[in-house]
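Below you'll find the structure, written out as C-alpha cells, and then a few comments.
In what follows, chains are A, B, ... by sequence order, proteins preceding strands, each numbered from 1. The shown structure was predicted, so the numbers you read here are calculated from the model rather than taken from an experiment.
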Amino acid sequence: MAGKTLFDKVWDSHVVSEIEGGPSVLYIDRHLIHEVTSPQAFAGLDKRGINVLRPENTIATPDHNVPTLDQHLPIKDYLSSFQVNKLTENTEKHGITLFGLNTPNQGIVHVVGPEQGLTQPGMTIVCGDSHTSTHGAFGSVAFGIGTSEVEMVLATQCILQPKPKSMRINVEGELKPGVTSKDIILYIISQITASGGTGYFIEYAGSAIRSLSMEGRMTICNMSIESGARGGLIAPDDTTFKYMKGRKYAPEGADFDKAVAYWKSLRTDDDAEFDKEIHFRAEDIEPMITYGTNPGMGTGITQYIPREDEIEPSNLKSFRKSMQYMGFNAGDKLIGKSIDYVFVGSCTNGRIEDLREFAHYVKGLKKANNVTAWIVPGSKQVEKQAIEEGIVEILEEAGFELRQPGCSACLAMNDDKIPEGKVAVSTSNRNFEGRQGPGARTMLASPFTAAAVAITGEIADPRQVFGILEPEKAM
Amino acid sequence: MAIDKFTTITATAVPVPYENIDTDQIIPARFLKATTRDGFGENLFRDWRYDKDNNPKKDFELNNTKYSGPILVGGKNFGSGSSREHAAWAIHDYGFKVVVSSFFADIFKNNSLNNGLLPVQISEEFLEKIFSAIDKDPKAQFKVDLENQEISIMSTGEKEKFDINPYKKECLINGYDDIDYLLSMKDKIEAFEKTRVKPYTY
C-alpha cells in the first residue's frame with residue numbers, strides 16, 4: 001500500500017464519519033471568525049434555537065471593515081460599525097474569545113492566528129475567508145468556508161466536506177538575489193493559471209520552499225486559493241518548531257516536546273502518491289508583477305505583457321477585457337509604467353518581515369511625489385513591533401506613514417479604496433476588477449518590488465533600484 | 001431548516017459569457033455589510049450592471065431585456081476568489097435557480113449547493129452550444145433535470161449529463177439542510193472528541 005501524504009495524515013485523523021457517495025464529516029480544531037461572514041451564521045443558530053457547541057475552539061477578531069486611521073474613534077460608516085458591533089455582541093453571547101478593536105491582539109485574522117500560536121501543525125483550521133489557506137504554512141489543513149459552513153462549525157464543530165485531490169508543487173534550487181516568496185507564488189500561479197489548482201489541495205515542497213521563513217511560507221500558502229486550490233500546506237520542520245515556541249497559545253514545557261515529536265511525523269511518506277505533481281526550478285523565477293485582472297496574469301518584472309498572438313484563442317475575449325480595464329496594451333513593456341498608489345499590507349504581506357523589508361530598502365530615500373502609499377500592519381502586534389524596531393521612524397523619514405491594522409485596501413470594504421482609473425502596486429492577493437475600489441487597477445507584487453515602485457514612482461526592477469545586481473547580470 | 005426543494009426546470013437563460021468571473025464581480029466587497037442573508041440580488045454584478053452614477057450599463061447582459069429566466073450561464077472558472085457566500089445569495093436572491101459553467105471554483109460550488117442554487121458543470125463544447133443557442137434565440141429553452149443529472153437544449157434536443165455528489169443531490173431534491181444532518185450526528189461527534197488520540201494538549 002502506498003504511503004500517506006501530509007494532507008492525508010491530517011485530514012484522515014479528523015474524519016468523524018464518511019457519508020456514502022458524499023462528503024466527509026470533518027472535525028475542526030480551530031475556527032477563526034471575523035465580522036463579515038459570521039453574523040448570518042449566528043442568526044442561523046438563533047433561528048434553530050441552539051448554542052455554539054465548543055466556544056473555546058473559536059476565536060474572533062474584526063478586520064475587514066475596520067478603518068486604518070483613528071481607530072480610537074467610533075467607526076464612521078454605520079454599516080461597518082454595525083457589523084463590528086454585531087461580532088462583539090455575538091461573541092459575548094456565546095462565550096467566544098474576541099480580540100476586539102483597540103485591544104493588543106486584534107488584526108487580520110490570518111496574521112493573528114499564527115502570531116498567537118493558535119495555528120499549529122496537524123490541526124484542521126477553517127474560517128469564513130478564502131485566505132485561511134495561509135495557516136497551511138504550519139502543516140495544518142486550513143481552508144476557507146462559506147457562511148452556512150461557519151454555522152455548521154459553530155453548531156457542531158464539524159463540517160461536511162468532500163476530500164480534495166492532492167497535488168505537490170516542488171520548487172527546487174536556490175532563489176536568485178531579490179526574489180522573494182511572493183514572487184514564487186505569483187510565478188506558480190502564472191504557470192498553472194488561476195484555475196489550475198481547482199479541486200486540489202497543494203503541498204509545497206522542495207529546497208526553495210524549505211529555505212523560507214515561516215512568514216515567507218505563509219505568503220505562499222495564502223495565495224493557494226488564487227490558483228483555485230482548496231488550500232496549500234508545507235511540512236513542518238525546525239523553522240516551524242522554532243517559530244511556535246513561546247507563542248501565547250502554543251503548548252509549553254513537556255507538552256511542547258510532545259507536540260514537536262508529533263509534528264515531526266507530519267510529512268509526506270516517501271512512497272506516497274499525488275494525483276498531480278509539478279516541478280519548478282527556483283532559478284527560473286525573477287521578481288514578478290501582474291498586469292491583468294486575475295492573479296494568473298503575471299510575469300517577470302523585466303518582461304512584456306503578452307501579445308495577442310501569444311494568448312490562447314479561447315482566452316482572447318477575457319484578455320482584451322482585462323487590458324481595457326487596466327488601460328494597458330498587449331505587448332507593453334512593464335518597466336517604466338507610471339504608478340499612482342502603493343499598498344503594503346494584507347494577510348499576504350502585512351507581517352513584520354514584510355514591513356522590515358520595505359523599510360530596509362526605503363531607508364534614507366524619499367517616496368516619489370506622484371505616489372500615494374499606504375503601509376498597513378497586519379495586526380496590533382505587528383504595529384507594536386514596527387514601533388519598537390524603529391521601522392516607523394525610517395518610514396516617516398522616507399515620507400511614508402504607518403497606518404493601523406486591518407485588511408485595508410486589499411478589498412475596498414473599509415475607507416481605504418484606490419480611486420477609479422488609478423494604478424496601484426499592491427502586496428495583497430487579488431487583482432480582480434474593482435477589488436481595491438470601483439475602477440481601481442491593481443498590479444500585485446512583493447514588498448521588495450513595492451519599495452522600488454514607491455521610490456521611483458513607476459514600475460521598476462527592485463534589484464536595479466537598490467543595486468543588488470551587478471549591471472551585467474541585470475536583465 | 002429546510003432549503004428550497006429543487007425540481008426540474010425548463011426555462012430561458014441569461015448569458016454572462018466571460019471567463020474567470022470572480023466573486024468580487026458577482027458581489028463587490030462594499031456590499032457585504034449586511035447582517036442578514038436577504039437583498040443581495042440588488043447588487044448582483046453591481047459594477048458590471050451600473051456605472052458610477054448608478055445608470056444601468058446597456059451592454060451588460062443582465063440589463064438587456066431580451067434575456068430572462070432562472071438559469072445563469074457563465075464562462076469557464078465561475079465563482080473564483082473570495083469565499084463570500086454572499087455571491088451565492090446574490091445570484092439566488094436575484095431569482096436564479098441554476099448556474100451553468102464549464103468549470104466552477106470549489107468554495108462557490110459548496111456555497112451554492114448549501115443554498116439550493118444548482119451548479120451545473122458541463123463540457124466547454126456544450127457550454128459553447130448553449131451560448132450559441134441563446135445567441136440565436138434569446139428565448140431558447142433549456143431543461144435542467146436534476147433527477148437524471150441532465151441538461152438539454154430544447155430547440156436542438158442536444159443533451160449532456162452533469163455530475164453531482166449523490167449526497168448533495170439527495171439534499172437538493174428533498175430540501176435537506178447540512179446543519180440538520182450534522183446536528184443529528186451530535187452523539188457521534190462527541191464520541192469522536194472523547195476517543196480521538198490527541199498527541200498533545202491544545
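- Residue A:E35 does not touch chain B at all, counting heavy-atom pairs closer than 4.5 Å.
- The part of A:I50 that comes within reach of chain B is its side chain, from C-beta onward, which places non-hydrogen atoms under 4.5 angstrom from that chain.
- Contacts of A:H131 with chain B are absent, with no heavy-atom separation under 4.5 Å from either backbone or side chain.
- For A:L160, the parts lying under 4.5 angstrom from a heavy atom of chain B are both the backbone and the side chain.
- Residue contact with chain B, scored on non-hydrogen atoms closer than 4.5 Å, involves the side chain of A:F82 exclusively.
- Contact count versus chain B (heavy atoms, under 4.5 Å) is highest, among A:D255, A:L79, A:N294, for A:D255.
- Only the backbone of A:A412 comes within contact range of chain B, with at least one heavy atom under 4.5 Å from a heavy atom of that chain.
- A side-chain donor from one of A:E433 and B:W48 sits under 3.5 Å from a side-chain acceptor of the other.
- Within the 4.5 angstrom heavy-atom criterion, only backbone atoms of A:V15 (N, CA, C, O) approach chain B.
- When heavy atoms are compared at a cutoff of 4.5 Å, A:R435 approaches chain B by way of both its backbone and its side chain.
- At a 4.5 Å heavy-atom cutoff, the contact between A:P23 and chain B is made by backbone and side-chain atoms alike.
- Checking A:S80 against B:K33 by side-chain atom types alone, a donor-acceptor pair falls below 3.5 Å.
- For chain B, the option among A:R54, A:K417, A:E56 with the highest count of heavy-atom pairs below 4.5 Å is A:R54.
- Residue A:S38: no heavy atom, backbone or side chain, is found under 4.5 Å from chain B.
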